[in-house]
Amino acid sequence: MNKKYRKALIAGNWKMNMLPSEAKGFVEALKAEMPKQKSCDVAICAPFVVMPALMKATGGSRIALGAQDVSAHDKGAYTGEVSIAQLKDIGTKYVIIGHSERRQYHGETDELVNAKSLKTLDAGITPIICVGESLDQRERGLTLPHIEYQVRAALTAMSEEQVRRCVIAYEPIWAIGTGKTATADQAEEVCEYIRGVIRKAFSARTARSTTILYGGSMNAGNAMELLGKADIDGGLIGGASLKPTDFAKIIAATAQESAHE
Ligand code: 13P
């Protein structure tokens, strides 16, 4: 349903894993195992210090370079931060923004997520904006209002054209790294709802053109069912993106998905 209007994306989030010296071997193994047919875009979001090695290793391949965060500031006295211009200079195509681990451990607010997303878009780079509810919020029936709040806050002051260049990742916090995946129906319910929020806040055209991912214990075994859902356009993969064979299988699942459409 309308999937033809948007790009499928499988993005790995390596989190704080992998050494610069391990990037080359990983990419060689992944390239050998991933399908040659291009049924989706592929990205790996690596720690900052691993990115140059990853860039070198992926050169000339279809694997795009991603970061896991960016500063909301342009340049100057912000010790420890990395600017969007610095990321652009090394060929970054995607930046994960507002991951629940950054919201939880680094106090990132919805306002900051919005500011970082706008900076990223201004640089011509794709923000992968993460939203998701806690287990407590889900159990109290607050999932959909919480998601709506996060999505609207993240997209504040964006033009329709800017929203269409964003990727939204629905990552229920209780499913991250726990092995407890949302069922395909639970994931689809929220991804469909996110598309509805974008439709209400912007337009039907923008809603049907915006790529929405699911993330949270997605793996080689459950990817096909999740990716088969109408509003799930791809995945943001943590643990399984560290294993070339598993990551390649998830990439391949998008080919089977589009073949079934
Ligand atoms: P896992 O796939 O390890 O659950 O992590 C998901 C995630 O947080 C991706 O950003």
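All ligand and atom numbering here is 1-based and tracks the order in the structure. Predicted model only: the values in this text are computed from it and were never measured.
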| query | Charged N to carboxylate O below 4.0 Å: is that the case for K88 and D122? | reply | no
| Any residue meeting ring pair (Phe, Tyr, Trp, His ring centres under 6.0 Å) with H73, in chain and number order, not counting sequence neighbours | Y78
| query | Are K116 and E108 close enough for a salt bridge, meaning some N to O gap below 4.0 Å? | reply | yes
Measure and list all N/O to N/O distances between ligand 1 and the protein that fall under 3.5 angstrom.
from     : atom 1 : to   : atom 2 : distance (Å)
ligand 1 : 2 (O)  : S217 : N      : 3.4
ligand 1 : 2 (O)  : G238 : N      : 2.9
ligand 1 : 3 (O)  : G239 : N      : 2.8
ligand 1 : 4 (O)  : G177 : N      : 2.6
ligand 1 : 4 (O)  : S217 : N      : 2.7
ligand 1 : 5 (O)  : K15  : NZ     : 3.3
ligand 1 : 8 (O)  : K15  : NZ     : 2.8
ligand 1 : 8 (O)  : H99  : NE2    : 2.8
ligand 1 : 8 (O)  : E171 : OE1    : 3.3
ligand 1 : 10 (O) : N13  : ND2    : 3.0
ligand 1 : 10 (O) : H99  : NE2    : 3.0
ligand 1 : 10 (O) : E171 : OE1    : 3.2
ligand 1 : 10 (O) : E171 : OE2    : 2.9

| message | Please determine whether a side-chain nitrogen of the Lys or Arg among D41 and R62 lies less than 4.0 Å from a carboxylate oxygen of the Asp or Glu. | response | no
| message | Checking I176 now: which residues fulfil side-chain contact (heavy atoms from CB on, under 4.5 Å) with it, not counting sequence neighbours? | response | K15, H99, S100, E101, E171
| Hydrophobic cluster partners of L213 (side-chain heavy atoms under 4.5 Å) | L9, Y94, I96, I128, V167, L236
